[in-house]
Number of protein chains: 2
Amino acid sequence: MADLARELGVSMTTISRALSDHHSIGPATKQAVLKLAKKLNYQPNHLAAALRKGKSKLLGVIVPYIEGRFFASVVHGIETAASKAGFSVIICQSSEDVAQERKNLETLLSAQVAGILISVSRTTVDFRHFEKVRKHGVPLVFFDRILEGDNVNAVLLNDREGAYQATRHLLEQGCRRVAHFAGLQHLNIYKNRRQGYLDALQSYGLEPDETLIKDCDMTLEGGTGCMAELLKLSSPPDAVFSAGDSAVLGALQLLKSRGIRVPQDVALAGFSNEALTLVAEPMITSVDQRTEEMGQAAFRLFTELVAAEGTSFSQRQVVLQPQLFVRASSLRKG
Amino acid sequence: MADLARELGVSMTTISRALSDHHSIGPATKQAVLKLAKKLNYQPNHLAAALRKGKSKLLGVIVPYIEGRFFASVVHGIETAASKAGFSVIICQSSEDVAQERKNLETLLSAQVAGILISVSRTTVDFRHFEKVRKHGVPLVFFDRILEGDNVNAVLLNDREGAYQATRHLLEQGCRRVAHFAGLQHLNIYKNRRQGYLDALQSYGLEPDETLIKDCDMTLEGGTGCMAELLKLSSPPDAVFSAGDSAVLGALQLLKSRGIRVPQDVALAGFSNEALTLVAEPMITSVDQRTEEMGQAAFRLFTELVAAEGTSFSQRQVVLQPQLFVRASSLRKG
DNA sequence: TTGTATGCGTTATCAG
DNA sequence: CTGATAACGCATACAA
């Protein structure tokens with residue numbers, strides 16, 4: 001920058017203003033500066049600017065893991081929106097571990113990020129470590145997974161609605177003993193999916209049967225195990241709505257290995273619309289979580305928080321509507 | 001930091017040295033500083049340190065995309081190693097687009113990253129945009145995908161060996177007309193996989209049949225299309241080795257839809273060991289790419305480059321050995 | 001072992 | 001509209 005100033009015989013202040021599109025700057029000088037900047041191949045030092053301004057163009061994102069379609073896709077949505085606005089994204093994985101999540105937060109804060117977007121790990125049970133973020137005045141946006149009880153800025157999927165639709169669909173196919181693979185109930189997403197399942201039963205005038213609701217870790221093996229237990233019942237289910245896709249695949253594999261037909265004997269539906277739902281045979285009915293939109297919405301919410309800095313403390317929640325993709329695993333009728 | 005100095009009645013220099021574990025510092029003062037730092041909840045500003053030292057603790061990573069197991073897993077490997085060494089990782093996706101890749105590079109350079117780890121997009125055909133990185137003196141490490149012709153620091157998989165093993169395996173199962181789905185030949189990975197395929201044929205004394213080698217975009221649809229064409233041949237193949245997993249799945253689906261048995265009529269093998277290989281029925285034989293190791297090796301190579309700064313210009317290449325996972329899609333014998 | 005002084009590249013303040 | 005100057009938070013060369 002000093003080079004530019006010397007070359008053009010103006011002050012560094014002028015250079016800075018020209019480059020940052022400041023209002024009080026002559027159009028002529030501005031053009032001259034921009035032109036010379038190109039020629040000398042000037043590279044702005046974002047670090048210095050961030051140090052001076054106290055705000056960087058870095059955005060921190062923390063996810064439990066990045067494998068699989070869901071988080072990868074949300075992150076992609078965030079990144080697309082962020083890079084349009086000139087932000088770089090630092091991605092951290094908590095590996096479903098609170099301790100790691102805490103470290104991630106420290107890392108991001110000391111990297112002076114402008115904001116933090118997070119989906120909490122499943123071992124996160126309190127909000128203490130987020131207090132520090134607030135004290136630093138760093139905008140915090142939750143997405144998909146949040147902790148209940150604390151009012152936070154968040155982008156959520158209407159999990160209850162998605163589960164409701166999936167379960168209704170199974171009931172509409174003629175199933176009457178619909179089982180549910182439920183996830184950890186302290187996480188909003190699994191709690192709401194369970195609630196949607198219950199609501200759908202009720203809308204059909206059916207009493208929930210606790211023996212048909214299995215706690216499941218949402219892994220493939222977990223799904224296999226839960227399905228095996230359900231088959232031991234004197235009155236086994238004729239359908240399963242799982243809160244996750246991997247588990248439903250496990251169930252599918254077990255059913256096939258026992259010669260039980262899907263969907264004729266047992267209909268299946270999952271949640272997340274992962275890639276595997278299209279690879280399985282039959283293809284698996286699943287609820288899509290609007291991943292790209294969620295990422296974009298999360299970034300937008302972040303920018304709104306920045307804009308609304310200090311004006312009010314109103315908590316904002318964006319709720320996205322899920323979409324059910326009906327496939328062969330649940331289609332009994334035409 | 002100024003607070004700490006005032007509180008303890010020492011200079012900021014002392015504080016700085018105590019915090020950064022400098023050698024000339026009294027153990028007593030050091031402890032005192034560390035203790036007070038904890039108490040006052042001191043948060044180091046990495047940006048300021050980076051500005052002063054000219055080197056940040058940020059690492060830039062550019063991948064074509066992050067969905068699917070391969071890149072997500074490599075990135076995870078990088079991140080694990082990097083965070084142990086106190087680095088944060090900025091991930092960029094080029095979306096297989098050179099123009100985006102160029103932008104990513106600019107972004108990372110202006111974020112003053114300490115180094116850049118990259119797997120080039122498939123539309124990258126020259127090295128011009130990497131010259132700028134060299135001029136900045138920023139260490140550059142390539143992984144998996146590189147451009148041939150330029151000697152660069154890179155972590156690679158022995159793709160030729162992996163393809164060789166997979167093809168040999170198919171031949172050992174009794175197949176004699178082994179087809180190949182080949183990827184873009186300007187990318188080292190696909191070129192080498194094709195070469196491994198050819199070498200394996202030769203090792204069995206077989207002449208390559210050009211009609212059995214299909215150019216394929218490595219998508220599921222691409223695989224379906226290539227398989228359909230192969231089946232039209234007067235003398236169709238009895239096995240396919242695909243340079244990617246999605247394409248082999250496409251082939252599998254087509255074969256099943258036509259009532260052709262896998263592996264009895266046509267045996268299949270893919271490359272990447274993606275999650276879908278375990279979901280397909282039958283499960284698909286595939287070559288594993290040692291993704292986590294690749295990520296770790298890439299980070300290690302970066303640190304070596306930093307350590308060897310200015311000493312020599314020797315190019316380093318780390319080559320990992322692939323591992324063939326044999327599954328039902330290719331097993332004709334016991 | 002400790003302190004003083006200076007600068008990293010940028011922007012905000014205030015005066016012209 | 002432009003310029004001089006200070007400051008962001010930290011790390012080093014040099015002197016003590």
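Chain A is the first sequence line, chain B the second, and so forth, proteins listed ahead of strands; every chain is numbered from 1.
Rounded to whole Å, atom C1' of C/dG7 lies 17 Å from atom CG of B/L47. Rounded to whole angstrom, the span from the NZ atom of B/K57 across to the P atom of D/dA11 amounts to 12 Å. For the pair A/D21 CG and C/dT10 P, the computed distance is 17 Å after rounding to whole Å. As rounded to whole Å, 14 Å separates atom C1' of D/dC10 from atom CG of B/D3. When the P atom of D/dG9 is taken as reference, atom CZ of B/R6 falls 13 Å away, rounded to whole Å. If you take CG of B/L109 and P of C/dG9, they are 15 Å apart, rounded to a whole angstrom. Whole-Å rounding puts the A/H46 NE2 to C/dT10 P distance at 9 Å. Regarding B/I15, its CD1 atom lies at a distance of 9 Å from the P atom of C/dG3, rounded to whole Å.
The phosphate of D/dG3 has OP1 or OP2 within less than 4.0 Å of a side-chain N or O from A/T14. Neither OP1 nor OP2 of C/dT1 sits under 4.0 Å from any side-chain N or O of B/S24.
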Let me have a per-nucleotide readout for nucleotides 11-16 of chain C, 5' to 3', with B, S or -, counting only protein heavy atoms under 4.0 Å.
BB----

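A search for ring-ring contact (aromatic ring centres under 6.0 Å, His included) contacts involving B/F127 returns B/F130, B/F142, not counting sequence neighbours.
Heavy-atom nearest nucleotides on DNA chain C were determined for B/A48 and for B/T29, and the one closer to the 5' end corresponds to B/T29. A residue-by-residue look at B/P44 and A/H23 shows that A/H23 has its nearest nucleotide of DNA chain D further toward the 5' end.
No side-chain donor-acceptor contact under 3.5 Å links A/H76 and B/E67. Side-chain contact of B/T291 with B/S73: a donor-acceptor pair under 3.5 Å is present, judged by distance alone.
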For a side chain to side chain contact (heavy atoms under 4.5 Å, CB included) check, start with the C-alpha distance between B/L105 and B/K132, then their side-chain angles and the critical distance, and finish with the verdict.
CA-CA 9 Å; B/L105 284 174; B/K132 183 177 283 180; over 6 Å; no

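For residues 3-29 of chain A, no residue pair satisfies the ring-ring contact (aromatic ring centres under 6.0 Å, His included) rule, not counting sequence neighbours.
In this structure, B/I25 reaches the sugar-phosphate backbone alone: every heavy-atom distance under 4.0 Å involves primed, P, OP1 or OP2 atoms, never a base.
Taking a cutoff of 4.0 Å between a charged side-chain nitrogen and a carboxylate oxygen, B/K191 and B/D159 do not qualify as a salt bridge. Using a cut-off of 4.0 Å between Lys/Arg side-chain N and Asp/Glu carboxylate O, A/R128 and A/E131 are scored as not salt-bridged.
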